[in-house]
There are 2 protein chains.
Amino acid sequence: MIDGVHNDQVALETQTWSIAELAAEYDVTLRTIRFYEDRGLLNPERRGTVRVYHPRDRVRLGLILRGKRLGFSLDEIATIVDMYDAEPGEEGQLVYLLNQIGTRRAELEQRRRDIDETLRELAEVEHRCQTDLQALRTR
Amino acid sequence: MIDGVHNDQVALETQTWSIAELAAEYDVTLRTIRFYEDRGLLNPERRGTVRVYHPRDRVRLGLILRGKRLGFSLDEIATIVDMYDAEPGEEGQLVYLLNQIGTRRAELEQRRRDIDETLRELAEVEHRCQTDLQALRTR
DNA sequence: ATCATGCTTTACGTTTACGTAAGCGTCAAT
DNA sequence: ATTGACGCTTACGTAAACGTAAAGCATGAT
């Protein structure tokens with residue numbers, strides 16, 4: 001309140017988070033976040049020994065966790081997430097990236113087909129259950 | 001050819017498979033199939049010590065592997081797969097099953113949202129790559 | 001008769017993704 | 001000056017999902 005700016009209203013460029021804040025926001029443990037750093041998935045700034053997370057780090061954490069929800073391994077997630085940050089670079093690099101993207105897309109589309117099929121079958125089982133339940137109750 | 005029936009045309013009720021046949025068909029190792037049995041996911045018939053797989057076992061293996069592709073743990077898969085075989089049973093059992101189905105459905109729908117979002121972002125990155133590639137080549 | 005093939009069990013090894021202390025530094029508040 | 005709150009590193013532990021020998025039966029072919 002010293003300079004007329006509220007505590008929760010910080011200039012966008014300077015917005016940072018502590019490890020505990022990110023952990024709370026994404027509902028993971030501190031250990032998990034440090035582990036991702038260990039595996040090279042995050043590279044927060046250090047002020048002394050303390051980790052300081054910038055918007056870029058926060059976005060990456062979000063991508064990592066979504067990758068996890070999708071069932072990818074951390075190694076796979078590493079290649080995926082790095083694609084977002086990749087600099088234009090040289091032609092070979094770009095072609096490689098495009099191939100990676102193709103592969104990932106194929107995997108994801110297969111997964112979606114699996115999901116849709118499973119949802120259909122769940123609906124079947126559900127219907128069977130409800131039928132059985134009706135039969136039990138009207139008996 | 002003895003009785004006018006081709007070798008690959010067997011009465012449906014008697015169709016069975018060896019462990020190696022199933023392994024080849026689904027591209028998993030024998031170890032994996034035995035492991036699933038160890039975890040109670042499969043219960044093939046035994047003729048002596050040898051495992052004999054019936055259509056029911058084959059279907060279950062398919063379900064298990066699809067569950068794996070979807071990123072579920074074997075424990076989760078166990079509860080899912082058992083839902084398919086569940087007998088009508090009593091009311092409490094049915095209600096429990098319906099709840100499980102609701103949970104699974106919610107999870108799967110979340111996953112599908114994740115997938116769609118990821119696919120959109122992959123398309124973005126791909127577009128960026130292609131733009132960069134064009135820039136490089138027309139230079 | 002023995003050899004290869006296919007199946008079996010038992011059991012220790014491995015990787016992934018963290019959990020869980022243990023022990024210590026730092027800073028603000030009481 | 002001590003107490004928390006929060007953070008750090010180091011390091012051993014663990015559950016999941018198999019891999020990988022090792023060693024042995026059974027059976028059909030040579």
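Everything numeric here is computed off the predicted structure, so don't read it as measured data.
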Is any side-chain heavy atom of [Y] closer than 4.5 Å to one of [X]?
| X | Y | result |
| --- | --- | --- |
| B:Glu25 | B:Leu61 | no |
| B:Gln15 | B:Arg58 | no |
| B:Leu108 | B:Phe72 | yes |

Cationic N near anionic O, under 4.0 Å, [X] to [Y]:
| X | Y | answer |
| --- | --- | --- |
| B:Glu37 | B:Arg34 | no |
| A:Glu45 | A:Arg47 | yes |
| A:Arg120 | A:Glu126 | no |
| A:Arg112 | B:Asp116 | yes |

Taking only N and O in the side chain of [X], is any of them less than 4.0 Å away from OP1 or OP2 of [N]?
| X | N | result |
| --- | --- | --- |
| B:Ser18 | C:dC7 | yes |
| A:Thr49 | C:dG25 | no |
| B:Arg51 | C:dT8 | yes |
| B:Tyr36 | D:dA17 | no |
| B:Lys68 | D:dA16 | no |

Considering only nitrogen or oxygen atoms on both sides, find all protein atoms under 3.5 Å from nucleotides 20-29 of chain D and state each distance.
{"unit_1": "D:dT20", "atom_1": "O4", "unit_2": "B:Arg31", "atom_2": "NE", "d": "3.0"}

key: 5'-most by nearest nucleotide on DNA chain C - B:Ala20 or A:Thr32   =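 In this pair, the answer is B:Ala20.
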inquiry  = Counting only side-chain heavy atoms from C-beta out, which of D:dG7, C:dC18, C:dT8 sits nearest to A:Ile19?
reply    =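 From the listed options, D:dG7 comes nearest.
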task = Identify which nucleotide among C:dT8, D:dA17, D:dC8 has an atom closest to any side-chain atom of B:Ser73, counting heavy atoms from C-beta outward.
result =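 For B:Ser73, the side-chain atoms sit closest to D:dA17.
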How close or far is atom [atom2] of [N] from atom [atom1] of [X], stated in whole angstroms?
| X | N | atom1 | atom2 | result |
| --- | --- | --- | --- | --- |
| B:Arg46 | C:dT8 | CZ | P | 6 Å |
| B:Leu65 | D:dA17 | CG | P | 12 Å |
| A:Arg34 | C:dT20 | CZ | C1' | 12 Å |
| B:Glu76 | D:dA17 | CD | C1' | 14 Å |
| A:Glu21 | D:dA5 | CD | P | 17 Å |
| B:Asp38 | C:dC12 | CG | P | 15 Å |
| B:Leu42 | D:dC18 | CG | P | 12 Å |
| B:Leu74 | C:dT16 | CG | C1' | 14 Å |

inquiry  = Using a heavy-atom cut-off of 4.0 Å across all strands, would you classify B:Arg47 as base, sugar-phosphate, or nothing?
reply    =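 B:Arg47: no heavy atom of the nucleic acid under 4.0 Å.
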inquiry  = Taking salt bridge (Lys or Arg N to Asp or Glu O under 4.0 Å) as the cut-off, I'd like each qualifying pair that reaches into residues 59-73 of chain A, sequence neighbours left out, listed once.
reply    =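 Qualifying pairs, neighbours excluded: A:Arg60-A:Asp82, A:Arg60-A:Asp85, A:Arg66-B:Glu117, A:Arg66-B:Glu121, A:Arg69-B:Asp114.
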message = Please compare A:Leu30 and B:Phe35 by the position of their nearest nucleotide in DNA chain D and report the one closer to 5'.
response =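 Final value for this comparison: A:Leu30.
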